[in-house]
Amino acid sequence: MRRDLEREVVSRRIERAHVAQTRMLGGQTAEELRERLERRVVISVARRGKFLFLHLDSGDVLLVHRGMTGNLFLKDPADPPDAHLHLAARLDDARELRLCDHRGFGELRAISLTELDALSARLGPEPLGPEFTVDYLAGQFARRTALVKALLLNQAIVAGLGNIYVDEALWAAQVHPERRANTLRGPEVELLRKAIVRLIGESVERRGTTFSDYKDLYGNPGGNSAHLQVFHRAKQPCLRCGEPIQHVRAAGRGSSVCLACQRPPAGNGAS
DNA sequence: CGCGAGACCTGATAGC
DNA sequence: TGCTATCAGGTCTCGC
């Protein structure tokens, strides 16, 4: 998404912005956001974890988080209005950047560079960056008793992983989601780290994973969906051992696992 | 302080 | 058919 935005909106001027007043603005008024966007030129597009940042010539930054169901579209202003449209930014090339989000769990607001830095500092390392080493991950796991799945979803440990990639990584490393983080052995941590790096890299090249709602800027689904090994494959055979994939609840999230490949921790009766 | 459950929303779908 | 219950890509808050 960042790459597409960079190609399409850098150097474009936002002529007019329609902003809906919703909780996605995090307390900012629609009027303030509109004023901070209109007549500004997009200088660059950055990403950190699941946040997108459109840097503007004013020094302001447009923060976008897509939450569960948020989508960014580049459309013709004459195209029919989308349901749950939160932002429609008319660009100087007569196209319109829209943010639609029917559940409204996303985020949309103008922030300063200082706020961006503070936000970025609260996130863990990028999975494809140099800080995401096996020593780092093993160090985090060693001092935590939470479920390994909860820690991988925690954006302060590593930035950008969600439910799909965590389930895929745990399956690839043959680690059960309900293992306590501090019980993982060194080789398991290394397998997990390698799986995360590979899965994220592959998915970016395939333009993302569409599970239900995700679409790219042009409305096309991501190409990674066909490559998922476990996620949402309950009752279908494990692609490693043939046993049926189970759907369980772990760390409060629906989780797809192969109980034959991903051995549950001792004394975990329920799932 | 860390952990885990519940809350926040709307919509799709399964089951009765 | 139509109602109800459940579940969904995320993250925050609160109680323990």
Side-chain angles (χ1 to χ4, degrees), chain A residues 1-2 20-27 47-52 63-73 82-86 99-109 118-120 122-124 127 139-171 177-183 196 199-200 202-204 206-216 219-235 245-256 265 268 270-271:
Chain A
M1 178 58 79
R2 190 203 67 78
Q21 185 66 56
T22 62
R23 65 173 54 248
M24 285 178 65
L25 305 187
R47 180 199 57 75
R48 181 84 169 84
K50 300 174 185 173
F51 293 92
L52 283 166
L63 173 156
V64 178
H65 190 300
R66 303 185 341 179
M68 297 270 255
T69 53
N71 273 320
L72 283 167
F73 294 125
D82 301 85
H84 305 286
L85 184 64
H86 292 89
L99 175 65
C100 313
D101 186 349
H102 70 81
R103 288 180 80 181
F105 287 168
E107 239 182 304
L108 173 73
R109 56 201 166 94
L119 192 153
S120 182
R122 291 199 297 271
L123 297 176
Q140 293 294 318
F141 282 179
R143 70 179 97 100
R144 300 286 214 121
T145 61
L147 305 184
V148 61
K149 170 142 184 174
L151 278 201
L152 292 176
L153 288 169
N154 183 338
Q155 303 296 296
I157 303 294
V158 50
L161 301 185
N163 205 31
I164 296 176
Y165 298 122
V166 168
D167 276 7
E168 291 292 314
L170 289 167
W171 179 86
E178 291 178 299
R179 295 271 301 282
R180 299 279 159 184
N182 60 4
T183 69
I196 289 164
L199 289 164
I200 292 293
E202 288 174 353
S203 187
V204 169
R206 293 173 182 148
R207 308 181 56 77
T209 305
T210 295
F211 157 64
S212 62
D213 293 305
Y214 175 70
K215 297 283 167 43
D216 69 14
N220 302 313
N224 193 56
S225 321
H227 298 268
L228 294 178
Q229 307 289 295
V230 271
F231 188 80
H232 238 252
R233 290 194 64 246
K235 299 178 183 169
I245 299 296
Q246 309 283 318
H247 187 80
V248 302
R249 190 151 289 269
R253 309 296 301 277
S255 306
S256 305
N268 130 329
S271 36

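In the text below, chain A, chain B and the rest are named by the order of the sequence lines, each starting its count at 1. Hydrogens, waters and symmetry mates are skipped; everything else that's a heavy atom, side chains included, is used.
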Provide a list of protein-nucleic acid N or O atom pairs under 3.5 angstrom, restricted to nucleotides 2-7 of chain B.
from: B:dC3; atom 1: OP1; to: A:T145; atom 2: N; distance (Å): 2.9
from: B:dC3; atom 1: OP1; to: A:A146; atom 2: N; distance (Å): 2.9
from: B:dC3; atom 1: OP2; to: A:R144; atom 2: NH1; distance (Å): 2.1
from: B:dG4; atom 1: OP1; to: A:R180; atom 2: NH1; distance (Å): 2.7
from: B:dG4; atom 1: OP1; to: A:R180; atom 2: NH2; distance (Å): 3.3

Protein-nucleotides 11-15 of chain B N/O pairs under 3.5 Å:
from: B:dG11; atom 1: OP1; to: A:H84; atom 2: NE2; distance (Å): 2.7

Show me the protein contacts with nucleotides 4-7 of chain C, counting only N or O atoms at under 3.5 Å.
none

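With hydrogens and angles disregarded, no donor-acceptor distance shorter than 3.5 Å links the side chain of A:R207 to the backbone of A:G223. Here the side chain of A:R47 pairs no donor or acceptor atom with the backbone of A:R2 at under 3.5 angstrom. A distance-only check finds no donor-acceptor pair linking the side chain of A:S225 to the backbone of A:F211 [under 3.5 Å].
When all heavy atoms of A:E178 and A:L147 are compared, the pair lying nearest together is O-CD2, 3.4 Å. The two residues A:L25 and A:Q21 come nearest to each other via the heavy atoms CD1-NE2, 3.8 Å.
Within the nucleic acid shown, A:G67 comes within 4.0 Å of sugar-phosphate atoms alone, with no base atom in reach, counting heavy atoms only.
Atom OG in A:S255 sits 12.0 Å away from atom CD in A:Q246 (nearest 0.5 Å). To the nearest 0.5 Å, atom CD of residue A:Q229 and atom CG of residue A:L199 are 8.5 Å apart.
A stem is defined here as three or more consecutive Watson-Crick or G-U pairs, each with both distances under 3.5 Å; for DNA chain C these stems are B:2-8 with C:10-16, B:10-16 with C:2-8.
Judged as a salt bridge (charged side-chain N to carboxylate O under 4.0 Å, His left out), the pairs with a partner in residues 146-167 of chain A (not counting sequence neighbours) are, in order, A:K149-A:D167.
As a whole-Å value, the separation of A:D101 CG from B:dT10 C1' is 10 Å.
Taking the six-membered ring where the residue is Trp, A:H84 and A:H102 present tilted rings, their angle falling between 30° and 60°.
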### Task
For nucleotides 11-16 of chain C, just jot down a letter per nucleotide in 5' to 3' order: B, S or -, based on protein non-hydrogen atoms under 4.0 Å.
B-----
